[in-house]
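Residues take their numbers from the sequence shown, with the count starting at 1.
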Amino acid sequence: MVKSKKWEVSPMCECCSSSAHVHTDTLKVEGMSCSHCQAAIEKAVGGLRGVEKVAVNLEAKEVKVEYNPDLVTLDAIKNTIIEEGYQVKE
């Protein structure tokens, strides 16, 4: 008779339970006022390797970014927004 082993498995956090390690951050961004601003940020940030999704909310002055931190850093995302001519608030 073969006894099966019981393995203890540590619970994974919500963001690590999928195969891709994705973080979501919302940044406060000043200087956005129109659809051109929205498109510029979405194109620039969305073009970074590791960024999965970018959503700009002009009224709230926010940019929500879903990204893989193994491929792109939050600082790189912030610097891309700054390079487009906008201010990222801490």
> Is it true that Glu30 and Lys89 make a salt bridge, defined as a side-chain N closer than 4.0 Å to a carboxylate O?
Replying inline: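 Here Glu30 does not pair with Lys89 in a salt bridge, since their nearest N and O are not under 4.0 Å apart.
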Of the non-hydrogen atoms in [X] and [Y], which two are nearest, and what is the gap between them?
X     : Y     : answer
Cys37 : Gly31 : SG-O, 4.1 Å
Thr24 : Glu66 : OG1-CG, 3.4 Å
Glu62 : Lys28 : OE2-NZ, 3.3 Å
Asn57 : Met32 : O-CE, 4.1 Å

>> Run Glu42 and Val56 through side chain to side chain contact (heavy atoms under 4.5 Å, CB included) and show every step you take.
In response: CA-CA 7 Å; Glu42 288 177 348; Val56 174; 3.6 Å; yes
> Should Leu27 and Lys78 be marked as a side chain to side chain contact (heavy atoms under 4.5 Å, CB included) after you check the CA-CA gap, both sets of side-chain angles, and the distance that decides it?
Replying inline: CA-CA 8 Å; Leu27 306 171; Lys78 289 177 180 180; 3.9 Å; yes
> So how far is it from Ile41 CD1 to His36 NE2, rounded to the nearest 0.5 Å?
Replying inline: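 So the gap between those two atoms works out to 9.5 Å.
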Can I get a per-line list of side-chain donor-acceptor pairs under 3.5 Å for residues 79-88, giving both atom names and the distance, sequence neighbours left out?
unit_1, atom_1, unit_2, atom_2, d
Asn79, ND2, Asp75, O, 3.2
Thr80, OG1, Ala76, O, 2.8

Examine [X] and [Y] and state if one hydrophobic cluster contains both, with Ile, Leu, Val, Met, Phe, Trp and Tyr joined whenever side-chain heavy atoms are less than 4.5 Å apart.
X     : Y     : value
Val51 : Leu71 : no
Leu48 : Val65 : yes
Leu58 : Val45 : yes

> Less than 4.5 Å apart, any side-chain heavy atom of Asp25 and any of Tyr67?
Replying inline: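 The answer is yes, as the side chains (C-beta and beyond) meet within the 4.5 Å cut-off.
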